[in-house]
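Remarks on the structure that follows.
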Amino acid sequence: MKILKVQTLRGPNYWSIRRPKLVVMRLDLEDLADKPSNVIPGFYEGLTEALPSLVEHFCSPGCRGGFLSRVREGTMMGHIVEHVALELQELAGMVVGFGRTRETADLGTYQVVFEYQDEQAGRYAARAAVRLCQSIIETGHYPQEELAQDLQDLRSLQAEASLGPSTETLIKEAEARGIPWVQLSARAMIQFGYGVHQKRIQATLSNRTGILAVELASDKEGTKQILREAGVPVPRGTVIGYLDELEGAIADVGGYPIVIKPLDGNHGRGITINIMSWEQAEAAYDAAKEVSREVIVERFYQGRDHRVLVINGKVVAVAERVPAHVVGDGSSTIKALIDQTNEDPLRGEGHENVLTKLEVDRTTWQLLEQQGYDLETVLPEGEIFYLRATANLSTGGIAVDRTDDMHPENIWLAQRVAKIIGLDIAGIDVVTPDISRPLREVDGVIVEVNAAPGFRMHVSPSRGIPRNVAEPVLSMLFPPGAPSRVPIIALTGTNGKTTTTRLTAHIFKQTGQVVGYTTTDGTYIGDYLVEPGDNTGPQSAQLILQDPTVEVAVLESARGGILRSGLAFTACDVGVVLNVAADHLGLGDINSIEQMAQVKGVVAETVIPGGYVVLNADDPLVAAMADRVKGQIAYFSMNPDSPLIRSHTQQGGLAAVYENGYLSILKGDWTLRIEQAVNVPLTLAGRAPFMIANALAASLAAFAQGVRIEDIREALMTFQASTEQTPGRMNLVNLGRYHALVDYAHNAHSYEALGGFVKNWPGERIGVVGGPGDRRDEDFVTLGKLSAQMFDRIIIKEDDDTRGRPRGDAASLITEGIVQVKPDARYETILDEVTAIHTALDAASLNGLVVILPESVTRAISLINARRPEEKPSPSP
Ligand code: ATP
Ligand code: ATP
Ligand code: MG
Ligand code: MG
């Protein structure tokens, strides 16, 4: 077996709409190509021994043990690798389920597709599964140690990718609300929502958290001061910078017991509490000094440690935090008790798990010493030994939910404190013997206010009720009724995507909104180019969806991106499928036009139930997509009498048709005329039928999304198929004696479409033809045949980049096609594109038409422009 390629999909894709996270592995079975599992001696036994839990895989038999019975009876290794990859991930604690395996057109090579939770872990599982199967084939076994190592690697890959408990709870809540999210590469920020409606968080800072409030909260002395002045109980204390001030400070706060802590510190670093003597005070001073230049000296308040979480002005959770500790059993040493505690699977390193492992540090040694203990001391039964003075979860503390115990006055006070500091998300540290009584009565104090408080202790307390504290955060960022998404109009098809995308964007611009759009020529926002390039994949779509100025997204979504990584969005408002024709076949394991229709259908199937799927009624493969979609259907057609359009509108459906020279919307029984084709420049005064079809699709998409007819009309009349606005798409240039037409047509379907225009040209027609080298041989022959039908004279050229084909090969295939149709055709081969174009332009006759289908549109346009009779661009007739 050999892995040829491993891809990871991240959005709706060819294999599944609902399961965007898939690994697609191209696997060459090599010598196993003709060996199903039942003819490999010992394989079934070895597999069940290595992974007995595979019995839970139902597979096609649909019952427990289903998959294993397939293995016993004989199934291909690709299929087994799929199930093993899934099971390895499951055993490592990741929830995955979906898998598919298909043989490709290359004999013995399979596409093995399976779900992942974490991308790196998924890719690892692919390789590990192949390794496991290979080992069983060769030796009958897979060593237990190997398996254990695989599972450990998978777990740590997943842990590495983890975003932290607070962020993950927020993401989970967003997902539950259908709010899209994406992790930004910068600073691991998370974006919720799209475009102009997006909101951001970083840990538990939100885009509404003010910098003044954060700075105030991290200045402990400033915080205490502003709270004290507001009448909030805070510890009595003072700030010093030198050791010789320490004695006076202790007297100031009323003597021992005291607390010494760094002025700006966090996570309990450098803090010593319950200081009872001058020696302890000196040591504590040094410890605090290591963290901060200035040091706080405070009265020590007896009590328990609480964290009160206030979000958007409301107390949403209260946790009591108990410092890291062990409880004696009368026979174990303190060290043994620590080790026992750390065996709890809930304890992990840092914030990776619900609790953090206990660690012995400087404070622990001090606390041991104070009590005359060491790690080998056997702790009496029931005695508690605290390893830390402070209760931070990150140093091994535990949390107990106390939300329902807090006294109303304390709730009022905490809410007021959050407002005074100015934090939208605040963690208030309260030390009090009894949270159910007002602080004032029991000498409780507010020790500190934290910006970006951790959610872990509230979401997964060690005891008590877990609180969904992410809910109020999301409700604050997206109050009821507030949008989180911008409308997404996604367009696909074999031909006309870029043109239709540009036109659709132009229509939406009439509404005054900022339109972000992606095309083969580049990514645009409003009137400006953001990034040139073939930007029809998910990355460019992400750029638009992440842009905070974008109000509407219009996304050309090409086959390449869908196959490579899936769509960038899980749902769109309008999905347009223009056509499906034979192009790009044989690439990316898509070999038939039906399979290609399934690729393009992904866009249609991603449309939300209330949205619209705009389908070409004249293309049977496209029209058939109506059966599989969740959205409402809107058809466009060049034929107003099409039975499909008829029955659809009779049932009240929405459509767009070309009727009596007009582009019109049909809404139930009503006809809404947009404009006459002759007034729509893109259609070359109505002479380019496929451009009318594109304009219908764009108009229908916009109308379905609520754009007014007047705006659509204005857009159609002002959108030029000029070399500037849509370079390479039916650019007709008047050169005085004759016309030149530059077009991107490079497959049979677009040649035919172009033919619809060329055939009606009154003068002599010269074609400069060719095609991209990576297409199939038969595609070139077809291009030749179509050229012979369209042109009076043909010049065959080749692309500079032959995409791996020997030079001259494509040209001779095209020639073959030409002579098959018209043995007496006038043709010649000039491989160099520039020479071919010049030759054709030189040969043009009066009122003739030179049609150029170039590799480089910009080069062709500049060659033509050089021949313009006058400087100003001439309008198309
Ligand atoms: P964190 O990052 O966990 O909030 P920190 O380093 O910012 O910790 P503080 O919150 O000021 O430090 O103190 C940590 C803990 O020490 C408090 O939660 C409290 O338990 C205890 N503590 C601090 N000051 C006092 C005090 N004056 N009296 C009693 N306990 C105190
Ligand atoms: P690409 O796959 O290169 O991105 P595209 O789908 O974006 O192509 P356009 O760039 O808009 O398509 O148009 C390319 C060519 O396809 C046009 O120049 C024209 O020849 C042809 N074409 C455009 N629209 C249609 C259509 N509706 N039907 C058939 N051919 C079309
Ligand atoms: Mg604190
Ligand atoms: Mg395009």
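For reference, positions follow the sequence shown, starting with 1. Whatever order the structure lists them in is the order used to number ligands and atoms, beginning at 1.
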Are any of the side-chain nitrogens in Asp743 or Arg729 under 4.0 Å away from the carboxylate oxygens of its partner?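 Here Asp743 does not pair with Arg729 in a salt bridge, since their nearest N and O are not under 4.0 Å apart.
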Between Arg776 and Asp774, does at least one N-O distance fall below 4.0 Å, as a salt bridge requires? no
If we set the cut-off at 4.0 Å for heavy atoms, which region of Ile271 has an atom near ligand 1: side chain, backbone, both, or neither? side chain
Can you tell me which portion of Arg321 lies within the under-4.0 Å heavy-atom range of ligand 1? Options are side chain, backbone, both, or neither.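 Just the side chain.
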Could you give me the CA-CA distance, side-chain angles and deciding distance for Ile240 and Tyr285, then say whether side-chain contact (heavy atoms from CB on, under 4.5 Å) is met? CA-CA 10 Å; Ile240 59 170; Tyr285 176 85; 3.7 Å; yes
Answer yes or no: is there a donor N or O on one side and an acceptor on the other, between the side chain of [X] and the main chain of [Y], under 3.5 Å?
X: Thr432; Y: Gly444; value: no
X: Asn410; Y: Arg437; value: yes
X: Asn579; Y: Asn495; value: yes
X: Glu855; Y: Asp800; value: yes

Heavy atoms under 4.0 Å from ligand 2: which residues qualify? Thr494, Asn495, Gly496, Lys497, Thr498, Thr499, Thr520, Glu556, Asn579, Phe690, Asn694, Gly728, Arg729, Asp743, Tyr744, Ala745, His746, His749, Ser750, Ala753
Any heavy atom of Arg307 sitting closer than 4.0 Å to ligand 1? yes
Describe, in one word, how the ring planes of Tyr524 and Tyr517 are oriented to each other, choosing from parallel (under 30°), tilted (30 to 60°) and perpendicular (over 60°).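 If you compare the ring of Tyr524 with that of Tyr517, the planes turn out parallel.
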Atom indices of ligand 1, in the order listed, that fall short of 4.0 Å to a heavy atom of Val447: 11 (O), 23 (C), 24 (N)
Counting each atom of ligand 1 from 1 as listed, which ones have a heavy atom of Asp429 under 4.0 Å away? 4 (O), 10 (O)
Under 2.8 Å from the Mg ion (ligand 4) - protein N/O/S, by chain and number: Thr498 OG1, Thr520 OG1, Glu556 OE2
Mind running salt bridge (Lys or Arg N to Asp or Glu O under 4.0 Å) on Arg388 and Asp361 for me, showing each step along the way? CA-CA 9 Å; Arg388 287 288 186 286; Asp361 80 340; 3.2 Å; yes
Would you name the heavy atoms of Phe757 and Pro689 that are closest together and state the gap between them?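 For Phe757 and Pro689, the tightest heavy-atom pair comes out as N-CD, 4.5 Å.
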My understanding is that only one of Val614, Thr492, Leu555, Val576 makes a side chain to side chain contact (heavy atoms under 4.5 Å, CB included) with Val603; could you say which?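 Result: among Val614, Thr492, Leu555, Val576, Thr492 is the only option passing the side chain to side chain contact (heavy atoms under 4.5 Å, CB included) with Val603.
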Side chains of Thr501 and Thr519: any donor to acceptor distance under 3.5 Å?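 No, because no side-chain N or O of Thr519 sits under 3.5 Å from a partner of the opposite role on Thr501.
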